[in-house]
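Have a look at the structure below before the remarks.
Chain identifiers are assigned alphabetically (A, B, ...) following the order of the sequence lines, protein sequences preceding nucleic acid strands; residue numbering begins at 1 within each chain. These values consider heavy atoms only, across backbone and side chains, with no hydrogens, waters or symmetry-generated copies.
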Protein chains: 2
Amino acid sequence: MQISSRFTIAIHILACIDTFKDDYKVTSDFLAGSVNVNPVVIRRLLQQLKAAGIINVIRGSGGAEIAKPLSEITMLDIYKAVDSIENGELFHFHENPNKECPVGRNIHNVLDDKLKQVQTAMENEMRSITIQEIVEDTKSYIQKEL
Amino acid sequence: MQISSRFTIAIHILACIDTFKDDYKVTSDFLAGSVNVNPVVIRRLLQQLKAAGIINVIRGSGGAEIAKPLSEITMLDIYKAVDSIENGELFHFHENPNKECPVGRNIHNVLDDKLKQVQTAMENEMRSITIQEIVEDTKSYIQKEL
DNA sequence: TTCGTTGTAATCTTTATTGTTACAACTACG
DNA sequence: CGTAGTTGTAACAATAAAGATTACAACGAA
């Protein structure tokens with residue numbers, strides 16, 4: 001299976017918040033319009049991003065804003081914030097290898113480290129990409145349209 | 001979501017085939033016993049591994065064998081053989097960003113390369129781990145038990 | 001020709017994701 | 001005040017994917 005679209009939606013949300021911060025009140029409805037999903041889906045994501053300290057959400061009057069410098073928010077932060085995979089494990093290990101079989105009872109010993117190594121390589125790459133880059137790229141693509 | 005357990009099961013299968021090749025006829029039932037899943041699940045995986053040229057499956061009399069040197073089979077080969085993710089894309093991109101919105105119509109331009117970059121980092125790490133290592137580790141863990 | 005096996009279709013169950021409705025709680029503002 | 005526009009969140013429906021299971025034809029060796 002693939003990594004949940006919550007991840008790309010969350011990035012989309014942050015790009016919107018920054019892009020439109022001066023011209024619009026960026027509400028869950030506004031964001032839902034750009035992403036093209038139900039506003040409740042957006043609100044749930046906003047809560048997760050807020051819990052991770054990435055954004056502030058203004059209750060009552062509405063709107064969301066980014067809570068810290070864009071250069072200090074990485075793809076990995078977002079990935080973790082929105083719980084893109086189950087309990088932090090990228091690979092779904094088959095549940096009950098047979099303990100009676102020599103291979104079955106050792107397969108975890110053999111694989112766990114190697115799977116972790118792969119997952120870490122992926123996470124390190126995510127850590128190297130910041131929202132700042134993403135927002136800058138977005139602005140430059142929008143510029144090019146004019 | 002996580003990467004399908006087909007991936008870890010496929011590795012488990014290969015470890016079994018090699019470990020038991022001299023002492024047992026390694027059938028789908030035998031493998032199903034070690035992995036602890038239905039034999040049909042195993043047969044489907046055997047077909048995928050066969051299609052990728054990784055194993056041969058003996059029809060009629062039964063059994064499976066590895067088709068090429070262990071050092072030439074990487075985790076990435078297995079990962080791709082068993083279709084661990086949908087149509088080769090690790091990330092599920094939200095389907096219909098709004099083309100009326102400047103961010104919505106450019107989000108793919110902005111993200112596609114970066115997502116690919118992360119996926120490639122993961123795949124490169126997988127390419128560096130061979131079944132030979134895995135089989136050797138398995139044998140050494142089994143040795144240690146005695 | 002019989003036996004154990006593979007190859008594969010069909011179907012069911014389970015689980016996760018995503019979508020939707022509904023409504024209480026909240027804040028700013030007239 | 002109280003009203004309008006929001007957020008926060010529960011509850012539940014819809015969809016989709018994974019995995020389990022049953023069934024059986026095709027195959028090969030003895």
Side-chain angles (χ1 to χ4, degrees), chain A residues 1-10 12-13 17 24-33 35-52 55-65 67 82-98, chain B residues 1-10 12-13 17 24-33 35-52 55-65 67 82-98:
Chain A
M1 255 290 249
Q2 295 175 297
I3 288 169
S4 168
S5 64
R6 277 200 301 281
F7 179 54
T8 55
I9 295 176
H12 186 145
I13 286 173
I17 294 176
Y24 298 89
K25 179 166 69 164
V26 184
T27 65
S28 62
D29 260 51
F30 180 95
L31 290 166
V35 176
N36 225 334
V37 295
N38 194 289
V40 174
V41 172
I42 300 288
R43 284 185 224 142
R44 285 198 278 243
L45 282 170
L46 291 177
Q47 288 312 304
Q48 293 188 287
L49 292 169
K50 182 176 117 185
I55 64 171
N56 297 314
V57 185
I58 297 114
R59 187 149 205 192
S61 58
E65 62 192 20
V82 303
D83 227 8
S84 309
I85 54 175
E86 269 173 72
N87 56 288
E89 296 285 328
L90 180 58
F91 296 97
H92 180 192
F93 213 110
H94 48 295
E95 312 289 345
N96 297 308
N98 184 353
Chain B
M1 254 290 249
Q2 295 175 297
I3 288 169
S4 168
S5 64
R6 278 201 300 281
F7 179 54
T8 56
I9 294 176
H12 186 147
I13 286 173
I17 294 177
Y24 297 90
K25 179 167 69 166
V26 185
T27 66
S28 62
D29 260 51
F30 180 94
L31 291 165
V35 176
N36 226 333
V37 296
N38 194 288
V40 174
V41 172
I42 300 287
R43 284 186 224 141
R44 284 197 279 244
L45 281 170
L46 291 177
Q47 288 312 303
Q48 293 188 287
L49 292 168
K50 183 176 115 182
I55 63 171
N56 297 315
V57 186
I58 297 115
R59 186 149 207 192
S61 58
E65 61 191 22
V82 302
D83 229 7
S84 309
I85 54 175
E86 268 174 74
N87 56 288
E89 297 284 329
L90 180 58
F91 297 98
H92 180 192
F93 212 110
H94 49 294
E95 312 289 345
N96 297 307
N98 185 354

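With rounding to whole Å, A:Y24 atom OH is found 14 Å from D:dT6 atom P. Between the C1' atom of D:dT6 and the CD1 atom of A:I42 lies a distance of 15 Å, rounded to the nearest Å. The distance from atom NZ of B:K25 to atom P of D:dG28 is 14 Å, rounded to the nearest whole Å. Between the CD1 atom of A:I55 and the P atom of D:dT7 there is a distance of 10 Å, given to the nearest Å. Across the protein-nucleic acid pair, B:I3 atom CD1 and D:dG19 atom C1' stand 17 Å apart, rounded to whole Å.
Here the straight-line distance linking atom OH of B:Y24 with atom CD1 of B:I17 works out to 15.5 Å at 0.5 Å rounding. Here the straight-line distance linking atom CG of B:L31 with atom CG of B:L46 works out to 6.0 Å at 0.5 Å rounding. If you take NE2 on B:H94 and OG on A:S5, they are separated by 8.0 Å, rounding to the nearest 0.5 Å. Atoms CG and NE2, from A:L45 and A:H12 in turn, are 12.0 Å apart once rounded to the nearest 0.5 Å. Rounding to the nearest 0.5 Å gives a distance of 4.5 Å between CD of A:E65 and CD1 of A:I58. Summarising the geometry, atom CD1 belonging to B:I42 is positioned 10.0 Å from atom OG1 belonging to B:T27; distances are rounded to the nearest 0.5 Å.
Between A:G60 and A:N36, the one whose closest nucleotide on DNA chain C sits nearer the 5' end is A:N36. If you find the closest nucleotide of DNA chain D to B:I9 and to A:S61, the one lying nearer the 5' end belongs to A:S61.
When the nucleotides D:dA20, D:dT6, D:dC27 are ranked by their closest atom to the side chain of B:N38, D:dA20 comes out on top.
Put simply, chain B comes within 4.0 Å of DNA chain C, heavy atom to any atom, from C:dG4 to C:dT18, going 5' to 3'.
Contact check, A:S28 against D:dT7: a side-chain N or O comes under 4.0 Å of OP1 or OP2. Considering only side-chain N and O atoms, A:Q47 lies under 4.0 angstrom from the phosphate OP1 or OP2 of D:dT9.
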Response to the item:
Per-nucleotide protein contact along nucleotides 12-18 of chain D, 5' to 3', at a 4.0 Å heavy-atom cut-off (B base, S sugar-phosphate only, - neither), is -----SS

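Contact annotation for A:I58: backbone-only contact, meaning every heavy-atom pair under 4.0 Å involves sugar-phosphate atoms and none involves a base. Contact annotation for A:V40: base contact, defined as any heavy-atom pair under 4.0 Å involving a base atom.
Formation of a donor-acceptor pair under 3.5 Å by the A:Q2 side chain with backbone atoms of B:E89 is found in this model. In this structure, A:N96 contributes its side chain and B:N36 its backbone to no donor-acceptor pair below 3.5 Å.
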Practice prompt. Test A:R43 against A:V40 for side chain to side chain contact (heavy atoms under 4.5 Å, CB included), laying out the working first.
Written response: CA-CA 5 Å; A:R43 284 185 224 142; A:V40 174; 4.0 Å; yes

